[in-house]
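I have placed the structure first, in the form of structure tokens, so that the comments after it can refer back to it.
Note that this is a predicted model, so its numbers are computed, not measured.
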Amino acid sequence: MHKTRQLRIFEDTDSLSGAAARFILDETERTIAERGNANVILAGGSTPRVCYEILASAGNGDRLRKVNWFIGDERWVATDDPESNERMIRTSLFGKTPNGCGTLYSWNACSKGIHATVKTYGDTVGGILDPDGGRPDLLLLGLGDDGHTASLFPGSLVLHENGELVPLSPDIPGYAAAVYVPQKKTWRLTLTPAILNKSDVVLFLVTGASKRESLGRLLKSGDGSAPASWIRGNKILYFASADVVDEKTFPADSFPAVYDLQTRIRIDS
Ligand code: 6PG
């Protein structure tokens with residue numbers, strides 16, 4: 001179970017993204033100083049782009065050179081496809097300094113069969129993040145309106161090695177999986193809770209009023225209904241913009257009773 005959960009509320013996406021970039025820099029610098037490198041699992045989607053662009057700017061290349069970056073989930077498209085998370089990451093985090101910001105481990109989606117792709121990435125992740133001592137130091141995640149995170153979507157089906165499709169559950173075997181998402185009629189690739197939950201620190205980035213209900217459910221202790229609630233870590237932070245955490249949906253006086261959050265901080269930009 002997580003030891004610390006904290007909600008930080010920001011006026012807008014820009015101030016949230018700046019704070020997230022500073023948090024990632026601080027966390028990776030601290031870890032690199034202790035161990036010589038840092039392992040970060042990156043979120044996909046659209047929210048993190050501004051944060052990654054901030055990380056890539058301001059001459060941070062040298063500070064991030066010792067970071068191993070992994071992609072928490074990927075769409076089953078080529079890496080130059082506009083829908084590709086890798087494309088979003090390469091153009092935002094690596095755009096200005098292709099080699100300066102550390103090492104990105106790609107799913108290489110669509111370069112070979114989906115089974116082989118999942119096995120290769122699962123082995124890569126397991127080889128770096130799971131030997132004695134290795135682990136994800138920081139996990140970045142987004143949150144969907146339906147409570148999905150990474151590509152762990154409610155109602156999705158996991159492709160087993162034998163070709164069977166089985167309902168998604170928190171205990172998917174292995175570190176990587178191919179998932180069919182019926183509501184999107186598309187295949188996704190995702191790291192599984194087995195590796196995601198080895199992370200020391202988890203940072204959710206949540207913007208957009210459409211996520212009020214899913215964030216509310218996620219913050220409510222004991223509500224394990226959505227995949228995002230399967231995520232564990234020693235410390236879980238939720239950076240949310242004010243359009244998500246409005247007083248009507250999250251009345252301040254309800255927090256101590258309803259949400260098992262140690263702190264709820266409103267940070268004005
Ligand atoms: C993806 C993401 C997914 C994302 C959420 C939120 O590949 O889309 O991994 O889990 O984080 O859907 O997406 P937005 O940031 O675009 O709102």
Side-chain angles (χ1 to χ4, degrees), residues 2 5 7 13 16 20 41-49 51 70-77 81 83-86 88-89 107 109 114 118 121-122 125 136 138-160 165-199 202-233 236-241 243-245 249 259:
H2 12 270
R5 294 206 312 167
L7 171 65
T13 300
L16 181 150
I41 299 175
L42 292 167
S46 58
T47 301
R49 172 182 284 279
C51 167
F70 301 87
I71 304 175
D73 71 304
E74 186 53 285
R75 291 82 183 277
W76 185 241
V77 295
D81 186 296
E83 283 296 304
S84 163
N85 281 335
E86 177 170 338
M88 180 276 287
I89 291 165
W107 284 86
I114 199 163
V118 165
Y121 205 69
V125 166
L138 177 59
L139 168 61
L140 304 176
L141 289 170
L143 178 66
D145 306 357
D146 58 359
H148 80 262
T149 194
S151 280
L152 303 168
F153 285 80
S156 54
L157 300 167
V158 180
L159 179 65
H160 266 213
L165 283 171
V166 298
L168 177 73
S169 70
D171 52 358
I172 313 173
Y175 292 145
V179 177
Y180 183 72
V181 186
Q183 55 269 44
K184 290 180 176 282
K185 293 188 176 54
T186 184
W187 284 93
R188 292 285 190 100
L189 304 169
T190 190
L191 294 183
T192 65
I195 191 70
L196 297 175
N197 288 346
K198 287 181 183 289
S199 303
V202 182
L203 174 57
F204 278 91
L205 305 178
V206 187
T207 61
S210 66
K211 300 181 184 175
R212 279 180 189 154
E213 194 268 332
S214 59
L215 181 63
R217 277 209 334 253
L218 181 57
L219 295 178
K220 281 193 177 73
S221 53
D223 183 334
S225 53
S229 66
W230 301 345
I231 299 300
R232 296 285 176 269
I236 301 190
L237 296 174
Y238 309 91
F239 281 15
S241 50
D243 58 348
V244 182
V245 188
T249 318
Y259 304 107

Taking the side chain as C-beta and beyond, is there a heavy-atom pair between [X] and [Y] under 4.5 Å?
X	Y	result
I114	W76	yes
L189	Y121	no
V125	F70	yes
L157	V166	no
I41	L196	yes
L168	L152	yes
L191	W107	yes
H160	L165	no

Could you state the interatomic distance from [atom1] ([X]) to [atom2] ([Y]), rounded to the nearest 0.5 Å?
X	Y	atom1	atom2	value
K211	L143	NZ	CG	6.5 Å
L219	F204	CG	CZ	9.5 Å
K184	R75	NZ	CZ	7.0 Å
L42	L138	CG	CG	8.5 Å
S199	R232	OG	CZ	13.0 Å

Do you know the tightest heavy-atom contact between [X] and [Y]?
X	Y	result
S241	G208	OG-N, 3.7 Å
N85	G45	OD1-N, 3.0 Å
G72	A150	O-CB, 4.3 Å
R5	L218	NH1-O, 3.3 Å
G147	R217	CA-NH2, 4.4 Å
A176	V118	O-CG1, 3.3 Å

Would you say [X]'s side chain and [Y]'s backbone share a donor-acceptor pair under 3.5 angstrom?
X	Y	answer
T190	S151	yes
T192	G174	yes
K198	P136	no
D243	T207	no

Margin query: Set out, in order, the CA-CA distance, both residues' side-chain angles and the distance that settles side chain to side chain contact (heavy atoms under 4.5 Å, CB included) for I231 and T149, then state yes or no.
Written below: CA-CA 9 Å; I231 299 300; T149 194; 4.0 Å; yes
Checklist line | Of P154, P193, S169, P170, the residue whose pairing with P227 passes side chain to side chain contact (heavy atoms under 4.5 Å, CB included) | finding: P154
Next item on the list: State which residue, out of L215, L203, V206, L205, fulfils the side chain to side chain contact (heavy atoms under 4.5 Å, CB included) condition with Y238.
Entry: L215
Check: Is R188 paired with D73 through a side-chain N to carboxylate O contact shorter than 4.0 Å?
Finding: yes
Item checked: Results of ring-ring contact (aromatic ring centres under 6.0 Å, His included) for W230 - residues two or more places apart only -> none
Notebook entry, point to check: By ring-ring contact (aromatic ring centres under 6.0 Å, His included), which residues pair with Y175, not counting sequence neighbours?
Noted result: none
Notebook entry, point to check: Do S214 and D145 pass the side chain to side chain donor-acceptor pair (under 3.5 Å) test, and can you show the C-alpha distance, the side-chain angles, and the key distance before you say yes or no?
Noted result: CA-CA 6 Å; S214 59; D145 306 357; 5.5 Å; no
Next item on the list: Could you label the plane-to-plane angle of the F153 and H148 rings as parallel, tilted or perpendicular, counting under 30° as parallel and over 60° as perpendicular?
Entry: parallel
Next item on the list: Tell me, please, which residues at least two apart from E74 pass salt bridge (Lys or Arg N to Asp or Glu O under 4.0 Å).
Entry: none
